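Throughout, protein chains are lettered first and strands after them, A, B, ... in sequence-line order, and every chain is numbered starting at 1. Predicted model only: the values in this text are computed from it and were never measured.
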Number of protein chains: 2
Amino acid sequence: MPDSAAAPTSQRILDLAERLVQTRGFNGFSYADIAASLGVTKASLHYHFPAKAELGRRLIGRYEENFVAALAAIERKVKRPLEKLRRYAAIYAGVLAQDRMCLCGMLAAEYATLPKAMQKELQHFFDENERWLARVLEEGRRARELDFSGAPREVARLLISSLEGAMMLARSHGDATRFRAVAERLMGDLAA
Amino acid sequence: MPDSAAAPTSQRILDLAERLVQTRGFNGFSYADIAASLGVTKASLHYHFPAKAELGRRLIGRYEENFVAALAAIERKVKRPLEKLRRYAAIYAGVLAQDRMCLCGMLAAEYATLPKAMQKELQHFFDENERWLARVLEEGRRARELDFSGAPREVARLLISSLEGAMMLARSHGDATRFRAVAERLMGDLAA
DNA sequence: GTCTATAGGTGGATAGAC
DNA sequence: GTCTATCCACCTATAGAC
């Protein structure tokens, strides 16, 4: 999903806003920033997204759609549970490689300041991630390819927490290798 | 360190600003917020902290001092490495119990928007944490009380990432038990 | 769909009286 | 050390012409 210059304005707005949230946070950019970058006026942005809260809500929705599609692609291409987990971590690594934080991880930090509608969408994103991971974990344990104690849902939460946290710290240290090291250690700990 | 109403103004400012950063982020509060809560004017705040960047720098410095003191207290009270790690995680749990995020974890998310001076102080905080954890891990492995592969410094980074991430997600789900579950799992994975 | 113009508010910050 | 008063830049958002 590159920000093609020929794309409809509403999509160019979303693409740019997405990057801004991922790098600076929802409270770290303004309509003026987007307008200047796209060469349009603020008023024009308000035509497409009347309120910033609405823009934020749509950003989460689109991000989640793309994420779900990526998870489905993993399911199609890969059979082994451990490899599915590696690909899951690779999604995060790909985002970090663009010097971005996970959109929803960033928003989780700003949670208390977000409009209610955005808070709700955020929860949904993480729930979806948890459910997918828990299913893969369960499947892997059954197949004796993965080994862990306790509920799959709890391991799923550990994975999400650790990957999001590692992404955040790798970004602030300007050192993506930190993320990879954490991700590989997590996967290694799960291999049977 | 409760925000005693009788404390000097500069300390009351720091106490309140700290809580605001931990709950709303550095870009999520203003001098006006503090002024209103303390019953003073914005001009008075600027007397104590001429610029917000300076206030932010001092916040990190004080937070780090307190953190270092807490780590020293652990060393005094506890001998077993695994128990030291548990107490380390308990510091995080204590912060979360006040419905706050780790000050520096919050700032790490906002990293790209922070003044350079704050960015530097932030790195120092995490480096200090890493060094302390790495030493405890090394000590524990030598004593055969802890078991892990690879460099202690890398495990230290995993612990910090995971605890910060778990804190962030627990807060946005309004569910502190999520944090405890992650913390206990991390400790369990390290026990020999 | 995009523009000009502007409203109404808040941001951080300063001057100068007390 | 705290106040009043004020500056100016920026914020989100709207009205109305093209």
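Protein atom CG of L38(A) is 14 Å distant from nucleotide atom C1' of dG1(C), rounded to whole Å. Rounded to a whole Å, the CG atom of L20(B) is 16 Å from the C1' atom of dG12(C). L45(A) places its CG atom 13 Å from the C1' atom of dC11(D), with the value rounded to the nearest Å. Protein atom CZ of R24(B) is 13 Å distant from nucleotide atom P of dT10(C), rounded to whole Å. Residue Q11(A) contributes atom CD, which lies 13 Å from atom P of dG1(C) at whole-angstrom precision.
Shown here are the side chain to side chain donor-acceptor pair (under 3.5 Å) partners of T23(B), two or more places apart in sequence or in another chain: there are none. Partners of E64(B) according to the side chain to side chain donor-acceptor pair (under 3.5 Å) rule, which considers only residues two or more places apart in sequence or in another chain, are H124(B). When the ring pair (Phe, Tyr, Trp, His ring centres under 6.0 Å) test is applied to H46(A), the partners found at least two apart in sequence or on another chain are Y31(A).
Applying the ring pair (Phe, Tyr, Trp, His ring centres under 6.0 Å) test to pairs two or more places apart or on separate chains, none has a residue in residues 164-192 of chain B. Applying the ring pair (Phe, Tyr, Trp, His ring centres under 6.0 Å) test to pairs two or more places apart or on separate chains, those with a residue in residues 81-108 of chain A are Y88(A)-Y92(A), Y88(A)-W132(A). Within the structure, salt bridge (charged side-chain N to carboxylate O under 4.0 Å, His left out) pairs that include any residue of residues 180-192 of chain A comprise R185(A)-E154(B) (at least two apart or interchain). Among residues at least two apart or in separate chains, ring pair (Phe, Tyr, Trp, His ring centres under 6.0 Å) pairs with a member in residues 53-86 of chain B are Y63(B)-F125(B), F67(B)-F125(B).
Nearest heavy atoms, Q22(A) versus V95(A): NE2-CG1, 3.5 Å.
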Footprint string (nucleotides 12-18 of chain D, 5' to 3'): B base within contact, S backbone only, - free, heavy atoms under 4.0 Å: BBBB---
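The side chain of Y47(A) places an N or O atom within less than 4.0 Å of a non-bridging phosphate oxygen (OP1 or OP2) of dG1(C). Here T9(B) does not reach the OP1 or OP2 of dG1(D): none of its side-chain N or O atoms lies under 4.0 Å away. Between dC3(D) and T41(B), a contact under 4.0 Å exists linking OP1 or OP2 to a side-chain N or O.
R178(B) and E130(A) are joined by a salt bridge, as a carboxylate oxygen and a charged side-chain nitrogen come within less than 4.0 angstrom of each other.
Here the side chain of H48(A) is nearest to one of dG1(D), dG1(C), dC3(C), namely dG1(C).
Between its opening and closing five pairs, the helix from dG1(C)-dC18(D) to dC18(C)-dG1(D) changes axis direction by 0°, a value rounded to 10 degrees.
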